[in-house]
Number of protein chains: 2
Amino acid sequence: MSHNLSDRALPFPLARIGIIGGGQLGRMMVRKATQLGFAAIVLDPTPNSPAGQVAGHQIVGDFFDPAKLRELAELSNVTTFDIETIDSHALEELLDEGFSILPSPHLLATIQNKLSQKQLLADQGIATGKFVELEEPTPAALAEFGYPLVQKAQRGGYDGRGVEIFHDDSEPERILPVPSLLEEYIDCELELAVMVARGLDGATRVYPVVEMVFDLEANILDKLVAPARITPEQAQAAQDLAVKTIEAIDGVGVFGVELFLAKDGRLLVNEIAPRTHNSGHYTIEACVTDQFEQQIRAITGLPLGSTEQLKPAVMINLLGAAGSSGRTIVEGLDDALAIDGVAVHIYGKAESRPLRKMGHVTVIDDTIEAASAKAEQVRELLKIRGERAL
Amino acid sequence: MSHNLSDRALPFPLARIGIIGGGQLGRMMVRKATQLGFAAIVLDPTPNSPAGQVAGHQIVGDFFDPAKLRELAELSNVTTFDIETIDSHALEELLDEGFSILPSPHLLATIQNKLSQKQLLADQGIATGKFVELEEPTPAALAEFGYPLVQKAQRGGYDGRGVEIFHDDSEPERILPVPSLLEEYIDCELELAVMVARGLDGATRVYPVVEMVFDLEANILDKLVAPARITPEQAQAAQDLAVKTIEAIDGVGVFGVELFLAKDGRLLVNEIAPRTHNSGHYTIEACVTDQFEQQIRAITGLPLGSTEQLKPAVMINLLGAAGSSGRTIVEGLDDALAIDGVAVHIYGKAESRPLRKMGHVTVIDDTIEAASAKAEQVRELLKIRGERAL
């Protein structure tokens, strides 16, 4: 059922792309897959998932069900993913049997575990903060590493979960009782991210450096500013480090490289996402080729596209409002769209929950300041909540 | 099942949008509908139509089947179309019953007939070429009108079909034996088009004037150049005329206004398309808000978006190659995508036929000249054909 993607003459659909994960990233990827003439098949446990709605073909199944992963791979010419929490060993077995799975399941397995990810980076000589495996989650072990520090669960952390920051030994009850690592706490000037696309042939394309502004209380992304407000030299250094990182780990596909610009001037890799990334959403409106098309191109062996940014952009996530859940209600779309340059993405999730990613907004304008001011207006105008008060 | 689209708080999906016609225009419209949180339902006679593939819900039925049109309207909060060849009387009946159908079926009925379309324009004082109804399709009637002239079938013309140009009386056998009109042959400097969006509240947004370059032999669009290579005064006059036209006919939705810039300096309306249009495809990559999102906004009562163009653009259609038909084969996608700024749209049509619109390519670049040179390269590299030689 497969045909060689490097053939010059391909029947429609040019290939079937399997996507593990039917969330918003998969949804946006499906749109670009179909635009280019590919068909998409989505695997997700939720029927009618955001990506399933637009793909026209979804397998309902769990990311840890080897039979479902196999079913997807067998239906697809190439299989990829929009999340990391997958049974990577099942994918490694499928790879060994000859199925095309990109990015590599071996790399996914390494990145899934934040300790082995960090070790891979260190082994490849990539600049990161100091870290150690936390063998016993005890106050003594933290004290030995030295404060301030960050404890990270090796697995399953996401959007601030599985991460604890300790400035001293006064709150030992916060120590996570799970396999974890300790990292040097980096006093940051800025948190940056760089999306890197790398093709099957090793060619890379790098997007502009973006600035991730965090809500420090909720430990979630407050807004994303593209390009980052840094010097050209800093931007070049960040792009170089990001490309070097993805080359060092031999990644194929689109990767989000999260960086710290420390107050002491160091530029350090924090984490890698082996997939399209929230910090690359702005590329849909602001760049010549967006991250989702780039992912489709990379995994199908097509040449990568231009990453040129056409306008400054600011992106905010639309999170499910606190204090409500249930059927998704959208308020204020009309007021938000009355502002020029505002692009709204609603993800098609039937149920809202507090802090759940329900959509995002990208604003493009002639300056970062103008885009940012509009994004703050939209934040006040456009709300997504659940039908029921909690 | 309907809810008021002007409500501030809307449950997901915010509304169900019915689209009569499952072709490429519907396909691109569906993508924007789902991005904004709407659901889309497509009516098309071909199962798994281009739009149906991405909508997730298609009614298989004919555009002249009143029962199928009713079924679509009943499932939808608002119904629109991506083609003109529809039973507009059935739509008028549904409108009378209170269904929301936009643009207006009355306007559609008027525009469907090229004679009544022209009469409407003339009645509203819109500049057009001289025309008369052709009561008898005879050489004498043509001679009486005066050469050179254009004979147009009142109904069913499309992409050059149903149109004959006569410079003299030497080929009377070409006279179309159907109800038709005669128009003054305009000696054109340029053929232009302007997309106009108009909201339920009467607000308008106008896109840059574009230049339609025709292949005079095949009488099909060769390429589209955006913006048109005309003076700022000419561009302003063309935009003003296009907006005045859509206001005069009280259109709601997105309209393509085709204009002649005559060698004698006159600017004349040729025809109106009451829908998104081939000459607006470039807006996907080149403008802040594209024509498809604009259509969704207009018919759902949302504010219209910015029509600002970010980069010069050139668009070419990908037509099914002559001499072949059957299962769609795409050749040279890799070579085409190796050129920066090239965006490829494959429409998902299972069967290719000679001159069938199978896809399109938009190239954006810093200058029209650069974009145009790349478009010509792509034309040589990227081919769509049928599997069988004819």
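Sequence lines set the chain letters: A, B, ... in the order given, protein chains first and strands last, and positions in each chain run from 1. Predicted model, so just to flag it, every value in this text is computed and none were measured.
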For A:Leu43 and A:Val60, which heavy atoms make the closest approach, and how far apart are they?
CD1-C, 4.5 Å
Sequence-distant partners of B:Arg385, salt bridge (Lys or Arg N to Asp or Glu O under 4.0 Å), two or more places apart
B:Glu331
Test of understanding: with salt bridge (Lys or Arg N to Asp or Glu O under 4.0 Å), list the residues that count as partners of A:Arg198, not counting sequence neighbours.
A:Asp250
Max heavy-atom pairs within cutoff under 4.5 Å with chain A, candidates B:Glu285, B:Lys383, B:Glu293, B:Arg205, goes to B:Arg205
Between B:Leu36 and chain A, with a heavy-atom cut-off of 4.5 Å, which part of the residue counts as in contact: side chain, backbone, both or neither?
both
With a 4.5 angstrom heavy-atom cut-off, which part of A:Ile284 approaches chain B: side chain, backbone, both or neither?
neither
Hey, does the side chain of A:Gln294 reach the backbone of A:Val254 with a donor-acceptor pair shorter than 3.5 angstrom?
no
CG-CD distance between B:Asp44 and B:Gln53, expressed to the nearest 0.5 angstrom
10.5 Å
Test side-chain contact (heavy atoms from CB on, under 4.5 Å) on B:Asn278 and B:Lys357; report intermediate values, then the result.
CA-CA 10 Å; B:Asn278 195 239; B:Lys357 285 183 182 152; 4.2 Å; yes
If you round to the nearest 0.5 Å, how far is CG of A:Leu390 from CZ of A:Arg353?
11.0 Å
Polar side chain donor-acceptor pair, A:Gln295 to A:Thr80, under 3.5 angstrom
yes
If you tally heavy-atom pairs under 4.5 Å against chain A, which of B:Asp335, B:Val288, B:Asp340 wins?
B:Asp340
Which is it for A:Thr300 and A:Leu14 under the side-chain contact (heavy atoms from CB on, under 4.5 Å) test, yes or no, and what are the steps along the way?
CA-CA 10 Å; A:Thr300 58; A:Leu14 310 188; over 6 Å; no
Please state whether the side chain, the backbone, both or neither of A:Lys349 comes within less than 4.5 Å of a heavy atom of chain B.
backbone
Residues of residues 304-317 of chain A within contact distance of chain B, non-hydrogen under 4.5 Å:
A:Leu304, A:Gly305, A:Ser306, A:Glu308, A:Leu310, A:Lys311
Let's go through A:Val330 and A:Leu382 carefully: what are the C-alpha distance in whole Å and the side-chain angles of both, what is the deciding distance for side-chain contact (heavy atoms from CB on, under 4.5 Å) to 0.1 Å, and is it a yes or a no?
CA-CA 7 Å; A:Val330 177; A:Leu382 179 56; 3.9 Å; yes
In terms of heavy-atom proximity below 4.5 Å to chain A, should B:Ala286 be classed as side chain, backbone, both, or neither?
neither
With a 4.5 angstrom heavy-atom cut-off, could you sort out which part of B:Val342 is near chain A: side chain, backbone, both or neither?
backbone
Considering all heavy atoms, the nearest B:Phe38-B:Pro13 contact
C-CB, 4.2 Å
For chain A, the option from B:Ala40, B:Pro303, B:Gly341 that forms the most heavy-atom pairs under 4.5 Å
B:Pro303
What part of A:Thr34 gets within 4.5 angstrom of chain B, counting heavy atoms only: side chain, backbone, both, or neither?
both
Heavy-atom distances under 4.5 Å only: say whether A:Ala39 touches chain B with side chain, backbone, both or neither.
neither
Considering only heavy atoms and a distance below 4.5 Å, find which of A:Arg27, A:Lys32, A:His57, A:Met28 pairs most often with chain B.
A:Arg27
Those residues at least two apart in sequence (or on a different chain) that pass ring pair (Phe, Tyr, Trp, His ring centres under 6.0 Å) with A:His360 are A:His281, A:His345, A:Tyr347
Comparing A:Gly56, A:Gly37, A:Gly348, A:Ser352 against chain B, the one with the most heavy-atom pairs below 4.5 Å turns out to be A:Gly348
Sort A:Leu337 into side chain, backbone, both or neither according to what part of it lies under 4.5 angstrom from a heavy atom of chain B.
both
Between A:Lys374 and A:Gln377: side-chain donor-acceptor atoms closer than 3.5 Å:
no
Under a 4.5 Å cutoff for heavy-atom pairs, which residue among A:Leu333, A:Asn48, A:Val30 has the most contacts with chain B?
A:Leu333
